Protein chains: 2
Amino acid sequence: MADSDPQPRPMIKVPRIPPMTVRRLSTYYRILRTLEALGDSEPLSSERMSHLTGFTAAQVRRDLAYFGSFGKRGVGYDIQELQLSLRSILGIDRQWAIALVGVGNLGMALLSYRGFSSQGFHITSAFDSDATKHGRRFGSIVVRPVEDLPRVAGEENIQMAIVTVPPAEAQRVVDQVVAAGIKGILNFAPTQLQVPKGVWLVRVDLSIEIEYLSYLLTNS
Amino acid sequence: MADSDPQPRPMIKVPRIPPMTVRRLSTYYRILRTLEALGDSEPLSSERMSHLTGFTAAQVRRDLAYFGSFGKRGVGYDIQELQLSLRSILGIDRQWAIALVGVGNLGMALLSYRGFSSQGFHITSAFDSDATKHGRRFGSIVVRPVEDLPRVAGEENIQMAIVTVPPAEAQRVVDQVVAAGIKGILNFAPTQLQVPKGVWLVRVDLSIEIEYLSYLLTNS
DNA sequence: GTTTGTGAACAGATTCACAGCT
DNA sequence: AGCTGTGAATCTGTTCACAAAC
């Protein structure tokens, strides 16, 4: 299931998807899960999805149509079926093993955050360069030296890393993550980082968010 | 300084700025601070800023030119001067008082996160709906009932709220934040929220980020 | 000579509007 | 009759390329 088949282009689809489209898919998926949990089983129209998400109906249809024809004309989208399709597209129809690097305040919070694991994202190991933290336990996870990352990544088949180290260490840590063969990195360090081709880096920068809010309050 | 002058359009500028431009300003500002800390006082060209940020030089110039003429032709941008201009534009040439609502794992992490306060963003009070948490201290901050928010917001002149409550509570909490007269909200709850006009909502959705990473790893 | 600031060209994303299917 | 899927039009953001300033 967690195969790493080495073909360059695994399937026929994917005619260059706008990043924002992919990000909206997560929202659609969450809405569908909520509706299902509420017992709603009516087919869902793009119009109704529009009300639920705040995106336009045309955008909902366009976004979904990038990946195929999931709806029935005159009817709408089947909640169950579309949910399964989105799970498959987003790659969340599987379990992901994740290493957390940097066990500071934010790192510790993410270790205990339930929102990830419920959707198949499992932080299975934690690393820190600070020797005084080594051996410390968080639930079933023991903090280890960053040097152990390559070995552990192989042993535990880790496919993602969450980086929550101070900015000055971030590039060095990311280099180690890449050297460990990990291809996906979620970076919380507020700094510009380089990764080689074939490695994906997604950045969450809280300074940018709060300064954007500051801008909006100041200039609007 | 933290005046709330009630004119609809406070200054001459602002000819509709692309949100992404504003978000890049934060990055420029951070680079400038770093350069200054390193003792670099050469004027900075858009070309050099391009190398440091990964954005194109043309984009750097266009972004800055939205707000005025900060550079000298043939020379570049003065590090000190541009830094001051960006501080003013971003509204971070002042102190912000922030209420944190929802003292769970993530909320606690943000309470101890140093990255905010060093740049003038101060979490000065914390609220939770869980009575067992009331009175608990984090440094100088005592956790209080959410019902106290309107009173405390007034007393402590709070201008922003960070919302880190479970999704099911988020809309109710945001309504209380709005009722308390707070105009800027940084929301971490993974759910769609409504705020009235004049209130700014910035969303940080970790599910979207990690699912986007999952998509990239699955489809690239 | 160098580098900005900016019209004009370009690229990308969103919305419109309707043909095509159920 | 109703709603999707999609070309075409529109809107928004980025890059080009060069005249103006130093």
Side-chain angles (χ1 to χ4, degrees), chain A residues 12-28 31-32 35 40-83 85-86 89 208 212 215, chain B residues 12-28 31-32 35 40-83 85-86 89 208 212 215:
Chain A
I12 308 139
K13 59 175 182 183
V14 196
R16 269 293 254 47
I17 313 295
M20 290 310 289
T21 289
V22 177
R23 298 170 70 89
R24 283 190 293 269
L25 295 187
S26 290
T27 301
Y28 303 147
I31 299 282
L32 291 169
L35 289 176
D40 198 326
S41 56
E42 303 280 291
L44 178 72
S45 69
S46 58
E47 191 55 53
R48 177 135 178 262
M49 183 62 100
S50 168
H51 291 310
L52 292 167
T53 57
F55 311 132
T56 67
Q59 183 143 65
V60 172
R61 295 199 298 277
R62 173 75 70 194
D63 283 344
L64 297 176
Y66 276 116
F67 298 94
S69 289
F70 300 119
K72 284 209 199 339
R73 295 174 191 222
V75 182
Y77 301 90
D78 180 82
I79 289 179
Q80 289 279 345
E81 202 179 301
L82 182 57
Q83 207 181 143
S85 302
L86 290 180
I89 292 164
I208 290 176
Y212 183 49
Y215 170 86
Chain B
I12 309 137
K13 59 174 182 183
V14 195
R16 269 294 254 49
I17 315 294
M20 289 310 288
T21 289
V22 178
R23 299 170 69 89
R24 283 190 294 268
L25 295 188
S26 290
T27 302
Y28 304 146
I31 299 283
L32 292 168
L35 290 175
D40 198 327
S41 57
E42 304 279 292
L44 179 72
S45 69
S46 59
E47 190 55 54
R48 177 135 179 261
M49 183 63 100
S50 167
H51 290 310
L52 292 167
T53 57
F55 311 132
T56 67
Q59 182 141 67
V60 171
R61 294 198 299 277
R62 173 73 71 193
D63 283 344
L64 297 176
Y66 276 116
F67 298 94
S69 288
F70 301 118
K72 284 208 198 340
R73 295 173 191 222
V75 182
Y77 300 89
D78 180 81
I79 290 179
Q80 289 279 345
E81 202 179 301
L82 182 57
Q83 207 181 143
S85 302
L86 291 180
I89 292 165
I208 290 177
Y212 182 48
Y215 171 87

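Note that this is a predicted model, so its numbers are computed, not measured. Convention: sequence-line order gives letters A, B, ...; per-chain numbering from 1.
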5′-ward residue of the pair Lys72(B)/Met20(A) relative to DNA chain C: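 Of the two residues, Lys72(B) wins.
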Closest-nucleotide 5' rank along DNA chain C - winner of Pro18(A) and Ala58(A):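 The 5'-side residue here is Pro18(A).
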Range on DNA chain D touched by chain A - first to last nucleotide, heavy-atom distance under 4.0 Å: dG2(D) to dA8(D)
For [X] and [N], what is the distance between atoms [atom1] and [atom2] respectively, to the nearest whole Å?
{"X": "Arg48(B)", "N": "dT3(C)", "atom1": "CZ", "atom2": "P", "result": "12 Å"}
{"X": "Phe67(B)", "N": "dT4(C)", "atom1": "CZ", "atom2": "C1'", "result": "17 Å"}
{"X": "Leu82(B)", "N": "dT3(C)", "atom1": "CG", "atom2": "P", "result": "16 Å"}
{"X": "Arg62(B)", "N": "dG7(C)", "atom1": "CZ", "atom2": "P", "result": "8 Å"}
{"X": "Phe70(B)", "N": "dT3(C)", "atom1": "CZ", "atom2": "C1'", "result": "17 Å"}
{"X": "Tyr66(A)", "N": "dG12(C)", "atom1": "OH", "atom2": "C1'", "result": "9 Å"}
{"X": "Gln59(B)", "N": "dG5(C)", "atom1": "CD", "atom2": "P", "result": "15 Å"}
{"X": "Leu64(B)", "N": "dT3(C)", "atom1": "CG", "atom2": "P", "result": "16 Å"}

Could you tell me whether the side chain of [Y] reaches within less than 4.5 Å of the side chain of [X], counting heavy atoms only?
{"X": "Leu86(A)", "Y": "Leu64(A)", "result": "yes"}
{"X": "Tyr212(A)", "Y": "Ser26(B)", "result": "no"}
{"X": "Tyr77(A)", "Y": "Arg61(A)", "result": "yes"}
{"X": "Phe70(B)", "Y": "Ile89(B)", "result": "yes"}
{"X": "Asp40(A)", "Y": "Arg48(A)", "result": "yes"}

From Tyr215(B) atom OH to Thr21(A) atom OG1, the distance as rounded to the nearest 0.5 Å: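 That separation rounds to 9.0 Å.
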Spacing of CD1 belonging to Ile208(A) relative to CZ belonging to Arg24(B), to within rounding of 0.5 Å: 10.5 Å
Touch class at under 4.0 angstrom, heavy-atom based, for Arg24(B) against every strand present: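 Sugar-phosphate contact only.
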Out of dG12(C), dT15(C), dG5(C), whichever nucleotide has its closest atom nearest the side chain of Arg16(A): dG12(C)
Arg73(B) side chain, from C-beta outward: closest of dT4(C), dG12(C), dT6(C): dT4(C)
Any Ser46(B) side-chain N or O less than 4.0 Å from OP1/OP2 of dT4(C):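 Result: yes.
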